[in-house]
Amino acid sequence: MMDSKHAITGLALCLLSAWSFPARAQTTEAQLVSAPDAPEAVDTIDPDTSRALLKRFRAENPGAREHRLGIVSEAFLEDPSNPALKLERMWSGDKGTLLEISGLERKGRPESAIVSYSSIRLRDKAGNSLKALAYEGVTELRDKRGGSALVVKPGDRLYLLLPPVDDYQPHALVYLGWDGQVASYFDRIDPRFRERYDASAKAAMAPEATPEQMKDFLVEFARRDPDNKAPGVFMALINRMRAQNTFEGYYHAYLLIKDPADAKAAQKLMRTDEHRSMMENLAVATLADKSRLLEMDFRLNPGQTTSGEGSCWMLCRYNFTAQREVSGTVTIRARQAGGPIRLRLGTYRVMLATELVLPRHGLQESSWVGNFDKRADDRRTGQLTVTLSPPNYSATVPVSFGRVDVAFFQRGSAGGYTAYWADGDAQATLSFKGMELIK
């Protein structure tokens with residue numbers, strides 16, 4: 001079966017006994033966000049509202065582009081009790097990037113957000129991240145170990161200075177949450193979307209447009225298409241492919257719209273072994289359930305839970321973490337009998353979706369950052385690629401789900417605490433996602 005589930009038995013066994021074992025201290029950036037209670041001794045730096053950072057930025061970046069955005073944080077839109085921030089403006093210059101963020105009213109909380117200054121990042125679509133260089137406009141709390149929390153209150157204006165970025169491309173402002181998972185304040189900061197969309201549409205719809213330019217437009221803008229230009233570009237692409245009157249043109253046209261006339265035209269122009277391999281792929285592409293071509297054997301590796309305890313930083317007096325590395329192997333092979341098609345010629349890339357879900361419960365009691373009693377499941381997804389080629393059409397590859405936190409406990413400097421722990425076995429899943437011809 002292509003959808004195999006394996007329980008990771010014993011993932012949360014003997015957690016209590018681990019407390020008695022000596023282990024080295026562990027600290028993470030997430031401890032700042034999860035700081036359970038008000039500090040006994042911490043430096044409080046009052047907000048600087050002189051806008052000196054903005055004035056300095058403008059002086060150092062005289063040609064900076066100013067973008068008025070008005071984007072409300074995703075977490076707040078989903079739940080009014082979450083961080084209530086609004087990205088008002090963005091300046092992009094040769095020597096830096098400046099964000100202006102305002103605090104909004106937040107249900108049940110006196111502050112709009114408590115921002116982990118050390119963990120906040122500006123991330124581009126390729127996953128590259130930039131750290132903040134300076135801030136201004138809000139209260140900062142610092143401890144002697146170098147931890148820092150920015151307290152944004154309703155009406156505050158937080159200015160964040162970052163390294164220069166290409167504002168023609170979209171970015172996101174992300175951070176580490178209390179559970180150690182990456183979350184987002186603003187998932188899409190895209191001030192020049194319209195400019196990029198218009199330029200790509202113009203190139204894709206020009207008489208001399210290449211199929212590559214048409215494809216690039218469709219890939220990026222088919223789902224976010226304010227002028228509904230994607231259908232016209234798509235049909236122009238199909239017509240351009242057919243007008244080539246070549247095997248490759250009809251072949252790719254068929255893959256896009258599955259018109260049998262294109263497959264027949266391609267078959268008439270078939271000349272080489274490469275063409276025959278591609279025609280085999282046409283038969284594969286026609287199958288509604290391509291997983292019927294394959295068999296999969298997924299096995300998990302033996303694992304062991306490790307733990308660590310010690311002191312920590314920023315409003316935290318003690319923490320404990322129990323973790324486990326989850327990995328395995330998967331063998332994919334083509335069915336030699338009983339399948340709808342027997343693969344003989346082509347080399348294929350098989351894409352598998354990976355998912356690990358560890359059921360966890362979270363509990364927090366704090367007079368400063370609030371209380372909660374809720375699910376804190378660790379859910380992580382990914383993709384695995386396996387190459388199958390003749391004559392055997394079989395491959396075995398490793399699968400890694402990373403290191404999962406089975407349990408976590410942290411006590412604040414004033415007695416509050418944050419904790420989460422596994423309350424069931426994890427489920428590791430591999431499922432068929434897609435299959436495409438390489439050659």
Side-chain angles (χ1 to χ4, degrees), residues 1-6 126-127 210-212 215-216 218-219 237-238 241 244 246-260 262-301 326-356 380-402 428-439:
M1 295 177 61
M2 290 305 302
D3 187 3
S4 300
K5 294 186 177 181
H6 293 247
T210 65
E212 287 70 25
K215 290 177 184 177
D216 289 344
L218 293 171
V219 167
L237 176 61
I238 296 298
M241 290 176 172
Q244 294 174 0
T246 62
F247 172 87
E248 289 79 4
Y250 286 116
Y251 171 82
H252 288 107
Y254 176 81
L255 290 181
L256 287 173
I257 63 174
K258 303 297 189 295
D259 186 339
D262 292 321
K264 292 178 180 179
Q267 191 168 16
K268 290 179 181 179
L269 294 169
M270 183 172 60
R271 298 289 185 271
T272 66
D273 287 342
E274 182 180 2
H275 289 170
R276 295 182 182 90
S277 175
M278 294 169 72
M279 287 303 295
E280 176 185 280
N281 185 54
L282 284 187
V284 172
T286 305
L287 287 175
D289 182 7
K290 299 175 183 59
S291 66
R292 294 167 58 201
L293 297 169
L294 307 172
E295 296 175 336
M296 181 171 72
D297 182 21
F298 173 37
R299 300 175 184 271
L300 286 171
N301 297 327
V326 183
S327 63
T329 59
V330 59
T331 298
I332 301 288
R333 64 179 66 87
R335 292 184 183 273
Q336 298 302 310
I341 301 169
R342 184 173 178 180
L343 302 182
R344 299 177 182 274
L345 299 170
T347 298
Y348 293 88
R349 180 183 293 115
V350 178
M351 286 76 71
L352 302 176
T354 67
E355 182 179 47
L356 177 73
R380 52 188 70 188
T381 59
Q383 181 172 306
L384 184 67
T385 300
V386 182
T387 300
L388 298 179
S389 57
N392 297 324
Y393 286 106
S394 179
T396 300
V397 298
V399 183
S400 176
F401 296 94
T429 306
L430 293 186
S431 56
F432 180 83
K433 185 176 182 180
M435 183 175 176
E436 62 185 18
L437 180 71
I438 299 177
K439 60 180 181 179

Sub-4.5 Å side-chain heavy-atom contact between Met351 and Glu436: yes
Nearest-0.5 Å distance, CG of residue Leu269 to NZ of residue Lys264: 14.5 Å
Distance-only polar pair, side chains of Tyr251 and Asn281, donor-acceptor under 3.5 Å: yes
Side chains of Val330 and Asp297 in contact at under 4.5 Å (non-hydrogen atoms): no
Atom pair CG (Leu293) and CZ (Arg335), whose distance is rounded to the nearest 0.5 Å: 8.5 Å
Shortest non-hydrogen contact between Ala334 and Leu294, atoms and distance: CA-CD2, 4.0 Å
Ser277 OG to Leu343 CG distance, which is reported to the nearest 0.5 Å: 9.5 Å
More than 12 heavy atoms from other groups under 6.0 Å of NZ on Lys215: yes
Derivation and outcome, side chain to side chain contact (heavy atoms under 4.5 Å, CB included), residues Arg276 and Met270: CA-CA 7 Å; Arg276 295 182 182 90; Met270 183 172 60; 3.7 Å; yes
Test salt bridge (Lys or Arg N to Asp or Glu O under 4.0 Å) applied to Arg292 and Asp289, step by step: CA-CA 6 Å; Arg292 294 167 58 201; Asp289 182 7; 5.2 Å; no
From OG1 (Thr210) to CG (Asp216), nearest 0.5 Å: 7.5 Å
Over all atoms of both residues, closest heavy-atom pair of Gly346 and Leu437: CA-CD1, 3.8 Å
Side chain to side chain contact (heavy atoms under 4.5 Å, CB included) evaluation trace for Leu256 with Asp262: CA-CA 10 Å; Leu256 287 173; Asp262 292 321; over 6 Å; no
Geometric class of the Tyr348/Tyr393 ring pair [parallel <30°, tilted 30-60°, perpendicular >60°]: tilted
Taking every non-hydrogen atom, the tightest pair across Ser389 and Thr347: CB-OG1, 3.6 Å
Arg342 versus Glu280, closest heavy-atom pair with distance: O-OE1, 4.4 Å
Any Ile238 side-chain heavy atom under 4.5 Å of Tyr254 side chain: no
Full working for side chain to side chain contact (heavy atoms under 4.5 Å, CB included) between Ile332 and Leu352: CA-CA 10 Å; Ile332 301 288; Leu352 302 176; 3.9 Å; yes
Side-chain heavy atoms of Met296 within contact of Thr331, under 4.5 Å: no
Side chain to side chain contact (heavy atoms under 4.5 Å, CB included) assessment of Tyr250 paired with Met241: CA-CA 6 Å; Tyr250 286 116; Met241 290 176 172; over 6 Å; no
Single hit among Thr429, Thr381, Val326 for side-chain contact (heavy atoms from CB on, under 4.5 Å) with Phe401: Val326
Gap between atom OG of Ser291 and atom NZ of Lys433 - 0.5 Å precision: 15.0 Å
Pro390 side chain near Leu345 side chain, heavy-atom distance below 4.5 Å: no
Phe247 vs Met278 side-chain heavy atoms within contact, under 4.5 Å: yes
Polar side chain donor-acceptor pair, His275 to Gln267, under 3.5 angstrom: no
Heavy-atom closest contact (Thr387 atom, Ala395 atom, distance): O-CB, 3.7 Å
Any side-chain heavy-atom pair of Pro211 and Leu237 under 4.5 Å: yes
Test item: Gln383 and Thr385 side chains (from C-beta on) under 4.5 Å apart, heavy atoms: yes
Pairwise distance CG(Leu388) to OG(Ser394) - rounded to 0.5 angstrom: 7.5 Å
